[in-house]
Participant: 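Structure incoming, see below.
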Amino acid sequence: MISDDANQHRQATVERITQQIPRHVLAHYPTPLMQAKRLSETLAGTQLWLKRDDLISFGLGGNKIRGLEVMLADAVAKNANWLITGAGVQSNHVRATAAVAAHAGMRCTAVYWGKPPAISDGNYRVTQMLNSAFHFTGDDDRASVDTHIHQITAELREQGDRPYAIPRGGACAMGVLGHVLAVFELYQQCLAQSLEPDAIVMAVGSGGTYAGWLLGLRLLNLPWEMLGYTVSREPEQASQQIADLATEAAAFLRLDWTFSATDTPVHGGFIGQGYGIPSPEAAEAIKRVGRTEGILLDPVYTGKAMAGFLHGLRDKQFDDYQRILFVHTGGEPAFFAGNGEWLNRTLRGLNNQ
Ligand SMILES: *Cc1c(COP(=O)(O)O)cnc(C)c1O
């Protein structure tokens, strides 16, 4: 186990950095850290652990709440009365932001790419129920969300409101800091449970979560490898985005640390046909984890990351690792969007490779 001296130093860092990060706590922490025992029995000697951020007890949970807790503290400090953010209609981040706004007594505007969908289900329905205003960019380019967020923020300010703009997917320095705190939380749990993971697996979307975890691991000087699986951008693009976000968040902590894409490797190959489109590999991984652990992964993020990780294991990429921690970042509302044909195909055996 990590030496006592090193741990005393780490505790001091945890205390010092925690004080620098504003946070409005919305849920009960720590989230469970548990071994996936039955699944591990099928992994030829690898012990798999799960950090259950899907169980974050606010607004249907997921990793986005951690980032939003820091943004909310910042928004309140700036006397904001309106949160504005965006992504696709099934976004977990937008749903979580709408819940945060409701809780804080603020208004919320959700900016979505494309046109309004014919039916309201999954996260979209929940976001509607939470009383968010909607704005569709009419453009299928995901980046169209960014310019519309700016426009709407300016309009709100002009009409006398006090908007707080949150970038698409919640990827900003404030959000990253929320994930730094997740590493501090995990570190305490690992000490208590005498667990030293060799590597951390997670899905990579806009990259803020990975950036925060990496920064947290660096701050505590923990030698745990990051294994990120991109579910939207190409790996090179994702790496660069993560490096930029980590550098920006480090600067907020007054650290002169620069991250580059080589510090933030990302695995590719498991996006399938595109962001948000369930893949047969993800469906298989979801079925396998569901049937061994009774735990639901989601088809957009964690299912694809698990598919990539299980493939890497079979491919003997992780033979040096004994204990691996998978961060379950949430996303289950996606089960209740669409007709579920992606899952039915797997259950009927139509996707058997
Ligand atoms: C957003 C999200 C991620 C990825 O987090 P990023 O910070 O965008 O990389 C992973 N899992 C779920 C369920 C998410 O909603």
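All values below were derived from every heavy atom in this structure, side-chain atoms included, with hydrogens, water molecules and symmetry-related copies excluded. When a ligand or atom number is given, it counts from 1 through the structure's own listing order. All of these numbers come straight from a predicted model, not from anything done at the bench.
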Participant: Going by side-chain contact (heavy atoms from CB on, under 4.5 Å), name the residues that satisfy it together with L130, two or more places apart in sequence or in a different chain.
Facilitator: A98, A99, V126
Participant: What residues form a side-chain hydrogen bond (donor to acceptor under 3.5 Å, both in side chains) with Q11, not counting sequence neighbours?
Facilitator: Q188
Participant: Using modelled atom types only, decide if a donor and an acceptor are shared between the side chain of D121 and the backbone of G338 within a distance under 3.5 Å.
Facilitator: yes
Participant: According to side-chain contact (heavy atoms from CB on, under 4.5 Å), who are the partners of A154, at least two apart in sequence or on a separate chain?
Facilitator: none
Participant: Would you say that more than 12 heavy atoms from the other residues, nucleotides or ligands in this model lie under 6.0 Å from the CD of Q273, or not?
Facilitator: no
Participant: Check ligand 1 for close polar pairs with the protein: N or O on both sides, less than 3.5 Å.
Facilitator:
unit_1: ligand 1; atom_1: 5 (O); unit_2: N63; atom_2: ND2; d: 3.2
unit_1: ligand 1; atom_1: 5 (O); unit_2: T209; atom_2: OG1; d: 3.2
unit_1: ligand 1; atom_1: 7 (O); unit_2: G208; atom_2: N; d: 3.3
unit_1: ligand 1; atom_1: 7 (O); unit_2: T209; atom_2: N; d: 2.9
unit_1: ligand 1; atom_1: 7 (O); unit_2: T209; atom_2: OG1; d: 2.6
unit_1: ligand 1; atom_1: 8 (O); unit_2: S206; atom_2: N; d: 2.8
unit_1: ligand 1; atom_1: 8 (O); unit_2: S206; atom_2: OG; d: 2.7
unit_1: ligand 1; atom_1: 9 (O); unit_2: G205; atom_2: N; d: 2.8
unit_1: ligand 1; atom_1: 9 (O); unit_2: S206; atom_2: N; d: 3.3
unit_1: ligand 1; atom_1: 9 (O); unit_2: G207; atom_2: N; d: 2.8
unit_1: ligand 1; atom_1: 11 (N); unit_2: T329; atom_2: OG1; d: 2.6
unit_1: ligand 1; atom_1: 15 (O); unit_2: K64; atom_2: NZ; d: 2.8
unit_1: ligand 1; atom_1: 15 (O); unit_2: N92; atom_2: ND2; d: 2.8

Participant: Go through the steps to decide whether Y210 and Y229 satisfy the test side chain to side chain donor-acceptor pair (under 3.5 Å), and finish with yes or no.
Facilitator: CA-CA 10 Å; Y210 183 128; Y229 288 86; over 6 Å; no
